[in-house]
Number of protein chains: 2
Amino acid sequence: MLTIGTLAKKTGTKVQTIRYYEQIGLLPEPGRSAGGQRRYGDSELDRLSFVRHARQLGFSLDAIRELLDLSDHPEKSCAEADAIARRQLKQVEQRMARLEALRTELQRMVHECSGGHTADCRVLEVLRDHSECLTDHDEIGA
Amino acid sequence: MLTIGTLAKKTGTKVQTIRYYEQIGLLPEPGRSAGGQRRYGDSELDRLSFVRHARQLGFSLDAIRELLDLSDHPEKSCAEADAIARRQLKQVEQRMARLEALRTELQRMVHECSGGHTADCRVLEVLRDHSECLTDHDEIGA
DNA sequence: TTTACACCCTCTAGCCACTGTAGGTTCAAG
DNA sequence: CTTGAACCTACAGTGGCTAGAGGGTGTAAA
């Protein structure tokens, strides 16, 4: 039986995060010691590892919920899990494309800055005059 | 004189976002009509455009605050603006590298999934068994 | 057995950068 | 003068945690 701290160490998760996952129903309520402290077994360890790994791959907690549910029902079709992963892959690719554009623009700004006063700063100038910009308008958060 | 809605349209910003920027001190309090509605001039338009453009390049609001401050003081050295931009570029590059790894891993998962039941689903299997994973442990949010 | 101390508990608030809603007021056109 | 779109304030909610206050538990040594 593991304490929450041990589980945290084993999975590279913060203690608070584990409690948070429990709170939002991503992890089941574990057993407790006589004094009311959480005690975990191997199944919880596996489940949390699954969650963390999926998080590392950028899946949202909602997507992970679906994946866990699929994982709990071995007779269900694989197609859904596949679809979730494909969706995630697509998102990652979109974000990469977006970042690629940002990188180009930032490189341009930085390379052209010759280090005088801010009055002639290329960085600020580019920010001021959007028409010089190559990136598109939408998807600020992407 | 522009209403907040017109300013919003011209800059591709939501009305609430403009009010939010004002609230956190990123934009100055504008003049008001007799009835108390916000009225904007060209300087506010420029400033908001600057902010939006910087946001599109992924700068944080704090970084933008610094950039605006530098832009307001033309006699200051350009070096600081340059440093902020370089920092941002570095962040973008790090995020790209991270996404690159995610993409590889996700592609592997998806390509290997042959579409049976979840019991043998490659996607879920990879998530379950972290040892098969190529991505590193840290930086979940990157 | 007591005491020290690391660890655990709940509850609440905060982070970023918005976004949405409720309930009311103002403005401009017709 | 009426209509209706656009405006106002104030506050709650998003995702995915993270931090802190104020207290209780578990265990090993003195």
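A, B, ... follow the sequence lines: proteins, then strands. Residue 1 opens every chain.
For the pair B:Ile4 CD1 and D:dT9 P, the interatomic distance rounds to 8 Å; values are reported in whole Å. Spacing between atom CD1 of B:Ile24 and atom C1' of C:dT19 amounts to 14 Å, rounded to whole angstrom units. Whole-Å rounding puts the B:Leu2 CG to D:dA6 P distance at 15 Å. One can place NZ of B:Lys9 at 10 Å from C1' of D:dA5, the figure rounded to the nearest angstrom. Rounded to an integer number of Å, the gap from CD of A:Glu22 to P of D:dG16 is 18 Å. As a whole-Å value, the separation of A:Gln56 CD from D:dG16 P is 15 Å. Rounded to whole angstrom, the span from the OH atom of A:Tyr40 across to the C1' atom of C:dC7 amounts to 14 Å. Straight-line distance from the CD1 atom of A:Ile18 to the C1' atom of C:dT10: 16 Å, rounded to whole Å.
The side chain of B:Tyr21 contributes no N or O atom lying less than 4.0 Å from OP1 or OP2 of C:dA17. Under 4.0 angstrom from either OP1 or OP2 of D:dG16 there lies no side-chain N or O belonging to A:Thr17. For the pair A:Thr3 and C:dC8, the criterion of a side-chain N or O lying under 4.0 Å from OP1 or OP2 is met. For A:Arg38, no side-chain nitrogen or oxygen approaches OP1 or OP2 of C:dC8 to under 4.0 Å.
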Q | Pair B:Gln56-A:Arg98, side chain to side chain contact (heavy atoms under 4.5 Å, CB included): steps then yes or no | A | CA-CA 10 Å; B:Gln56 277 160 22; A:Arg98 170 88 184 132; 3.9 Å; yes

Q.
Let's go through A:Thr6 and A:Tyr40 carefully: what are the C-alpha distance in whole Å and the side-chain angles of both, what is the deciding distance for side chain to side chain contact (heavy atoms under 4.5 Å, CB included) to 0.1 Å, and is it a yes or a no?
A. CA-CA 9 Å; A:Thr6 316; A:Tyr40 297 93; over 6 Å; no

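Atom CZ of B:Arg65 sits about 15.5 Å away from atom CZ of B:Phe59, to the nearest 0.5 Å.
Contacts of A:Asp69 classified as side chain to side chain donor-acceptor pair (under 3.5 Å), with partners at least two apart in sequence or in another chain: A:Lys76.
Pairs of residues two or more places apart, or lying in two chains, never qualify as salt bridge (charged side-chain N to carboxylate O under 4.0 Å, His left out) while including a residue from residues 5-16 of chain A.
Here the side chain of B:Ser71 pairs no donor or acceptor atom with the backbone of B:Leu67 at under 3.5 angstrom. Not a single donor-acceptor pair under 3.5 Å links the side chain of A:His73 to the backbone N or O of A:Leu68.
Each of A:Gly5 and B:Leu61 has a nearest nucleotide on DNA chain C; the 5'-most of these lies closest to A:Gly5. Where B:Arg32 and A:Asp62 each meet DNA chain D at their nearest nucleotide, the meeting point lying more 5' is that of B:Arg32.
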Q | Contact pattern, 5' to 3', of nucleotides 20-30 of chain C - B, S or - by protein heavy atom under 4.0 Å | A | BB----SS---

